[in-house]
Amino acid sequence: MILRMSTMFLRTLRDDPVDAEVPSHRLLVRAGYIRRASPGGYTWLPLGLRTLNRVATIVREEMDAIGAQEVHFPAMLPREPYETTGRWTDYGPNLFRLQDRRGVDYLLGPTHEEMFTLLVKDLYSSYKDLPLWLYQIQTKFRDEARPRAGLLRGREFLMKDSYSFDIDQDGLQRSYDAHRAAYLRTFDRLGLPYAVVSAMSGAMGGSASEEFLFPCESGEDTFVSCTKCDYAANTEAVRVGEPAKIDFASFAAAVVHDTPATPTIATLVDLFNSRADLKRGDRVWTAADTLKNVVVNLRHPDGRIEPLAVGVPGDRDVDLKRLEAQVAPAEIVDFTEEDFAKNKNLVKGYIGPTALGEKNASGIRYLLDRSIAIGSAWITGANAPGRHVAGLVYGRDFSCDGVVDAADVRDGDPCPKCSAKLHIRRGIEIGHVFQLGRKYAEALGLTVLDQNGKTQVVTMGSYGIGVSRAVAAIAEANHDELGLKWPTAVSPADVHIVIAGKPGDETAGAGEKLAEELSAKNMTVILDDRKGVSPGVRFKDAELIGTPRIIIAGRGVATGVVEVRDRRAGTASEIALADAADYVAKMPAT
RNA sequence: CGGGCUGUGGCGCAGCUUGGUUAGCGUGCUUGUCUGGGGGACAAGAGGUCGUGGGUUCAAAUCCCGCCAGCCCGACCA
């Protein structure tokens, strides 16, 4: 197939679009792959659509290869199934909702667990039919509060979602493993580097869940990987080990001190180190000796607001994403000045554990970070303006209503598995495999009869790949200052022919002939046959568009050679015109 | 959700402080001539509800208010 630049619907931009910050967004717009159509919505131009389709094809091939079967649902879905599973409410403002002319509610599907579950319920009723793996490649809608970074976080995007249906947990594990393996092959073929990280969430119990993250500075997820063992996890999912108990039998009783004007951890530590009666003999006090207590509000899906206090070591911040993952589906919202005003037992800046907890004065549920050991002694708020208490011992002087993983995770923290140092990085989520269990099957009544004629609730898994996001991630991973440089497997064309000679000379004929030969070998060729465009522009556009091979039909044609460039390796060789098509066809994929 | 910055031909920008002829520059686009291996040269053109709605004024791109959109930062501080 020959794509002629003279007629292709394409306009490359000389300047970077100013509103595009991340490289993939900037280059995909500049090279004429996509155009913004609405906040978080993008139009795919011919080049972009070719790449999108190639990514989708690879995903499809790998799904088909493990025996999954493709179906296709509507994007516009009825309310009722989502009402049944509670997600009409749980998804909150992230769900696009609409009504028909009679006022009946619909939604634009953010993901399709309910519909797949009902489809299988509709048609299957025996264990003999299982396992069953179904998938679709479908446009998804999520009303993101802040779409950004082009395709990386849109409100409308293309996703492959698949679902497995098994009679029991063993079957689910096999389905999960098969999908996980297919994902590894898929991302390898797409030329995307990835880290597979544990995304197991406390609130979800033992359900296994792993994310495939493309490591990248502009990513929105933060994950850790161990420098020594194979442990890797989303920071939200990091579970630190239980600390050893400390014997506090010999500890002195807690003492309340006047600590005027110490509303922050830094001022508090400075005061303790500068006052003769407070400083320690053996070492200076640090922020890690203090216990800070943060109060937030939880907004439950039904709209109920519940205050929650969390205690973490003073040298750490509360990681709201981590905390939110554990209180899901509740969301965390600010604890405001008005809330402080309403609860007289909370003294802002001087909140201490003795006022917190369901049994204490404030009545606010109080959770302690898991890293805090029983028997550890702390400097912390004394619940009175300008007063702190020192030597307050957990397990002797105060208690809590539960433990939580809330403190931020840092580079160099010990690995929960082997205690070596953790390395922290950012990444873009490009895939997610998840053992759903029976939640949806139970809610929607998907059961089959087992070999004993007994009714069994089906066990499900769900597996997603962000197809349009993968295009952006591949662009992030494959570009330089000149433009894109696609892996062979997803490039919009296999080769780009630049005609660099004078108009009317033999270079145009040579380019045409080469294009025909390559096309006959089943390759897709971009042929720059534009009239009156200078060689410089042709070179720049070829590099910007970024096919892995570029052929220059220029001054060499007179002596029977063309230049063949490897855009990814940055190398070039002179090849005889007559051999060029064979040579390019045999170049290894990169 | 909060804060900051921004919105002027396709793209990148100036003009706004201090309101006042026909809103300007680069690039891109059209036409012509030249050029032809790194976004080439010269010339002549087309293209604008100055994001949007309201207000102030004799007069608004410019001042004021609302809204919409974009980018960045933040979201808890014991």
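We name chains A, B, ... by the order of the sequence lines, and we start the count at 1 in each one.
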task = In whole angstrom, give me the gap between the P atoms of B/G26 and B/A41.
result = 12 Å

message = Between C1' on B/G10 and CZ on A/Phe9, what's the gap in Å once rounded to a whole number?
response = 11 Å

message = If you assign A/Gly381 and A/Asp16 each to the RNA chain B nucleotide with the nearest heavy atom, which residue ends up on the more 5' nucleotide?
response = A/Asp16

ask   = Can you tell me how far C1' in B/G20 sits from the matching atom in B/A59, rounded to whole Å?
value = 7 Å

task = Calculate the interatomic distance between A/Asp528 atom CG and B/G37 atom P; express it in whole Å.
result = 15 Å

ask   = Hey, is the main chain of A/Arg530 close enough, under 3.5 Å, to the side chain of A/Arg4 for a donor-acceptor pair?
value = no

ask   = In whole Å, what separates the P atom of B/A14 from that of B/C5?
value = 16 Å

message = Students often get this wrong, so: under 4.0 angstrom with heavy atoms, is A/Val18 touching a base, only sugar-phosphate, or nothing?
response = sugar-phosphate

query = Parallel, tilted or perpendicular for A/Phe96 and A/Phe141, by the 30°/60° rule?
reply = perpendicular

inquiry  = Whole angstroms only, please: what is the NE2-P distance between A/His25 and B/C11?
reply    = 12 Å

ask   = If only atom types and distance count, is the side chain of A/Arg565 paired as donor or acceptor with the main-chain N or O of A/Gly570 below 3.5 Å?
value = no

query = Can you tell which of B/C11, B/G37, B/C77 lies closest to the side chain of A/Arg35?
reply = B/C11

task = Rounded to the nearest angstrom, tell me the gap between atom CZ in A/Arg26 and atom C1' in B/C71.
result = 14 Å

query = The side chain of A/Asp15 lies closest to which of these nucleotides: B/A69, B/G36, B/G26?
reply = B/G26

request  = Using modelled atom types only, decide if a donor and an acceptor are shared between the side chain of A/Thr380 and the backbone of A/Leu291 within a distance under 3.5 Å.
outcome  = yes

inquiry  = Base, sugar-phosphate or nothing for A/Val312? Non-hydrogen atoms, less than 4.0 Å.
reply    = nothing

request  = To the nearest Å, give me how far apart CZ (A/Arg530) and P (B/G28) are.
outcome  = 12 Å

key: Involving RNA chain B, stems made of at least three consecutive Watson-Crick or G-U pairs, both distances under 3.5 Å   = B:1-7 with B:68-74, B:10-13 with B:24-27, B:29-34 with B:40-45, B:51-55 with B:63-67

message = I want to verify a distance call: between B/G36, B/G37, B/G12, whose nearest atom is closest to the A/Glu563 side chain?
response = B/G37

query = Can you check whether A/Leu484's main-chain N or O pairs, donor with acceptor, with A/Arg567's side chain at less than 3.5 Å?
reply = yes

B/U35 and B/C42, which share atom name P, separated by this distance in whole Å = 15 Å

task = Look at A/Arg30 and B/C11 and indicate whether a side-chain polar atom (N or O) is within less than 4.0 Å of OP1 or OP2.
result = no

request  = Pick the C1' atom in B/A23 and in B/A61, then give their distance to the nearest Å.
outcome  = 8 Å

message = Between B/G10 and B/U30, how many Å separate the two P atoms, rounded to a whole number?
response = 15 Å

key: Nucleotide nearest A/Pro535 (side chain, heavy atoms from C-beta), chosen from B/G36, B/C11, B/C29   = B/G36

remark   = Residue pair A/Arg316/A/Thr12 against RNA chain B: nearer the 5' end by closest nucleotide is A/Thr12

key: Any residue meeting ring pair (Phe, Tyr, Trp, His ring centres under 6.0 Å) with A/Tyr42, in chain and number order, not counting sequence neighbours   = A/His25

ask   = From B/G37, B/G12, B/C77, pick the nucleotide closest to the side chain of A/Arg555?
value = B/G37

query = Once you round it to whole Å, what is the distance between C1' of B/A75 and CG of A/Asn297?
reply = 14 Å

request  = For A/Glu563 and A/Ile552, indicate whether the former's side chain and the latter's backbone hold a donor-acceptor pair under 3.5 Å.
outcome  = no

query = If you measure from the C1' atom in B/C13 to the same atom in B/G28, how many Å do you get, rounded?
reply = 14 Å

message = Under the rule for ring pair (Phe, Tyr, Trp, His ring centres under 6.0 Å), what residues qualify as partners of A/Phe223, not counting sequence neighbours?
response = none

task = Check each residue of residues 539-552 of chain A for a non-hydrogen atom within less than 4.0 Å of any atom in RNA chain B, then write out the ones that pass by number, or none.
result = A/Phe539, A/Lys540, A/Asp541, A/Glu543, A/Ile552

task = In whole angstrom, give the distance that lies between atom CD of A/Glu481 and atom C1' of B/G38.
result = 14 Å

query = Does A/Val533 offer a backbone N or O that forms a donor-acceptor pair with the side chain of A/Arg538 under 3.5 Å?
reply = yes

key: Residues forming a side-chain contact (heavy atoms from CB on, under 4.5 Å) with A/Asn94, sequence neighbours excluded   = A/Tyr91

query = What distance, rounded to whole Å, do you find between the two P atoms, one in B/G24 and one in B/A44?
reply = 16 Å

key: A/Pro492: partners by side-chain contact (heavy atoms from CB on, under 4.5 Å), with sequence neighbours left out   = A/Tyr33, A/Leu47, A/Arg50, A/Thr51, A/Trp486

request  = Please report, rounded to the nearest Å, how far the P atom of B/G38 is from the CZ atom of A/Arg565.
outcome  = 11 Å

